[in-house]
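Keep in mind it's a predicted model, so treat the numbers as computed, not measured.
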Protein chains: 2
Amino acid sequence: MRIRQLECFRTLMIHGTMTRAAELLSISQPAISSTIANLEHETGLKLFVRKGGRLQPTPEARLFFVEAVRALEAVEKTNRIAKEIRTGKRGHLAIAAYASISINLLPRLMAEFAKERSGLELKIITRNSQSVRELMTTQQFDLAIAELPLDYPTSNMQVISYECQCMVPIGHPLAEREVITPADLDGVPFVSLFKGDPIYQQLALAFSAYGSAWNVVAETEFFSTACELVRSGMGVGIVDPVVSLPFTRDLVLKPFSPAIHYQIALLLPTQEEPSQLAREFAHYLKQHL
Amino acid sequence: MRIRQLECFRTLMIHGTMTRAAELLSISQPAISSTIANLEHETGLKLFVRKGGRLQPTPEARLFFVEAVRALEAVEKTNRIAKEIRTGKRGHLAIAAYASISINLLPRLMAEFAKERSGLELKIITRNSQSVRELMTTQQFDLAIAELPLDYPTSNMQVISYECQCMVPIGHPLAEREVITPADLDGVPFVSLFKGDPIYQQLALAFSAYGSAWNVVAETEFFSTACELVRSGMGVGIVDPVVSLPFTRDLVLKPFSPAIHYQIALLLPTQEEPSQLAREFAHYLKQHL
DNA sequence: ACCACCCTATAGATTTAGCTTATACCGAAG
DNA sequence: CTTCGGTATAAGCTAAATCTATAGGGTGGT
């Protein structure tokens, strides 16, 4: 049994004559005639009686019709879904990400991405960057976002790099500067990330290169926490200009020199082929980060 | 999208390699290879990545697989049902019949007929013979059984004719006879059908031809009622030897001469082609009546 | 009665899916 | 470095589905 035969049969049952069915299917009348003859032969069912030069469906045809329509609709649904998968409207996107990005920026971007893709299932799992990396190897996720550096890098990794900016409270004397350097921050109370963080290490190097005193008054795990401390007047700080942007309301951001690099990585599965959808979203992220 | 492509895809997804799938489908490996390549091209989905000379299904393939299986099962169900329709295991058999036959004989025969045909829907509607005839013209039934004669006969009518037998209570003097004639019943109390019935007319003719006195002590609408009256000792009677047989327990049946004909007709729809099932059952009935 | 019109069936030619066999290629394992 | 298990490509075949052209059957109007 072929799909084409069922299509011809359905159209013929609905519209009554072969000539009309042929028109609707944009084929010639003999094509319908022989296709139906084949269907009758293959199913062993007499579907129509030729009566007065016209066709009359048999009771068997009516019974068969119900099933034929059901099968056709299943096939048509399969076609539709193939298209949805192809255009990224159907699928699932399970993303593992570190805290700062998964709190605000990532969900906003995912929601935007999903807006034009109706059937999408979304999942966001928040873990620290090293756990994120480990989850990916167990194949549980379509995409992961981690901060660099990682203990062991992956082949399927795309790095996004930012230059951090200095953040000061509104009205702070340094808020007027075009660029801020360690010299400007000599002895100024400073909110930093933890000592183990690469940001900490880069800052320490920068201050020592300038011979300035780095007066660290607070250490935090996340930029977002640091933002809040700066906003509360603890001192000045440093922050990445994209991921942490949502937390910098009422703060002034200024370029910092020398460049303090903040790097995050998009990781795709290595064992298994990443889904088209994951690739698309990775591309979307790179454009919006 | 063709059914064959989905079959190949399903087998390949389940068994992992093209070589194995080809074996299971009893075709060559290149056949699978090109069929899958076509499916990928037509759906626009990359279903497998060729990795290390082996195939690895993509996430898209897994999503598509679910739908492909659904569609295939619908098509396979359609094939199965075509076969059931062809072998008469599926369908409906709505039969209109007159009272005597629909009380006992017809349901027994229908049950027997349906025993080997699992999916059958049965309907029995009981009406008097003339109503039965009229119901058939409105296309509501697959088969009708009516007593003859009818007001206007039909082309699509098969007549079954019986010679009625005389029924007497057990121990009645006439119970020993080989054949009973009107001469034997001269003045004997007799239970007959109603005056309008052809049986009544035939009996009246027979008695007058023999010059015997026909002593009708009761008239009934149905043979079954007459049987009960005879069994109760009202007199003797006449009955058809098949349809009314279930009602003649504890009665003795003897051939009657001259022949009293009892005729029933099987009517098939005229406007519309009768279903194969109706034809089969009509044939079955003719053999068992 | 006959012709026009509508419908279906058949014949012969063409295209293409799906199949075959033969063969090349590729990676892993001995 | 060869063998083995697997996949892809090429060339050729068959059958399904399509086309055009044409025949034939019914119905209704003139």
Side-chain angles (χ1 to χ4, degrees), chain A residues 1-58 61 68 72 75 78-79 82 155 270-273, chain B residues 1-58 61 68 71-72 75 78-79 82 270-273:
Chain A
M1 183 176 314
R2 279 168 293 288
I3 291 171
R4 190 55 168 164
Q5 294 173 326
L6 297 182
E7 282 174 344
C8 290
F9 174 62
R10 177 176 59 180
T11 309
L12 178 50
M13 282 296 283
I14 292 173
H15 294 99
T17 75
M18 291 196 171
T19 305
R20 179 95 186 99
E23 280 170 21
L24 291 169
L25 293 174
S26 302
I27 57 176
S28 67
Q29 169 270 316
I32 299 278
S33 181
S34 76
T35 301
I36 294 293
N38 281 335
L39 180 63
E40 284 187 317
H41 184 252
E42 287 172 24
T43 56
L45 297 177
K46 193 175 183 196
L47 297 172
F48 297 92
V49 283
R50 283 67 180 171
K51 197 169 184 176
R54 303 296 162 102
L55 296 183
Q56 191 167 24
T58 61
L72 273 177
V75 171
T78 302
N79 271 309
S155 59
T270 49
Q271 306 288 79
E272 175 170 304
E273 189 68 6
Chain B
M1 185 176 314
R2 280 167 295 288
I3 292 170
R4 190 55 167 163
Q5 295 173 325
L6 297 182
E7 281 173 345
C8 290
F9 174 63
R10 176 175 61 180
T11 308
L12 178 52
M13 282 296 283
I14 292 173
H15 294 97
T17 75
M18 290 195 171
T19 306
R20 179 97 186 96
E23 281 170 20
L24 290 169
L25 293 173
S26 303
I27 58 175
S28 67
Q29 170 269 318
I32 299 276
S33 182
S34 76
T35 302
I36 294 294
N38 279 336
L39 180 62
E40 284 187 316
H41 184 252
E42 288 173 22
T43 57
L45 297 177
K46 193 176 183 196
L47 297 172
F48 297 91
V49 283
R50 282 69 179 171
K51 196 169 186 177
R54 303 296 161 104
L55 295 183
Q56 191 168 22
T58 61
L72 273 177
V75 171
T78 302
N79 270 309
T270 48
Q271 306 287 80
E272 177 171 304
E273 189 68 6

Rounded to whole Å, how long is the line connecting atom [atom1] of [X] with atom [atom2] of [N]?
X	N	atom1	atom2	value
B:His41	C:dG18	NE2	P	14 Å
A:Glu23	C:dC6	CD	P	11 Å
A:Leu55	C:dC6	CG	P	17 Å
A:Leu24	C:dC7	CG	P	12 Å
B:Leu12	D:dG6	CG	P	13 Å
A:Met18	D:dG25	CE	P	17 Å
B:Ile36	C:dG18	CD1	P	11 Å

Q.
Does C:dT8 have OP1 or OP2 under 4.0 Å away from a side-chain N or O of A:Ser33?
A. no
Q.
Applying side-chain contact (heavy atoms from CB on, under 4.5 Å) to A:Glu7 and A:Val75, what does each step give before you reach the verdict?
A. CA-CA 11 Å; A:Glu7 282 174 344; A:Val75 171; over 6 Å; no
(Q) Base contacts versus sugar-phosphate-only contacts with protein, heavy atoms under 4.0 Å: please encode nucleotides 12-23 of chain D as B, S and - from 5' to 3'. (A) ----SSBBBB--
**Q.** Listed partners of A:Ala68 passing side-chain contact (heavy atoms from CB on, under 4.5 Å), at least two apart
**A.** A:Leu6, A:Phe9, A:Phe64
Q) Taking C-beta and beyond as the side chain, do B:Ile3 and B:Leu72 meet within less than 4.5 Å on heavy atoms? A) yes
Q) Between A:Glu42 and A:Gln5, is any pair of side-chain heavy atoms under 4.5 Å apart? A) yes
Q. Which pairs with one or both residues in residues 10-19 of chain B pass salt bridge (Lys or Arg N to Asp or Glu O under 4.0 Å), sequence neighbours excluded?
A. B:Arg10-B:Glu76
Q: Under the side-chain contact (heavy atoms from CB on, under 4.5 Å) rule, what do A:Ile27 and A:Arg4 come out as? Steps first, then yes or no, please.
A: CA-CA 12 Å; A:Ile27 57 176; A:Arg4 190 55 168 164; 3.6 Å; yes
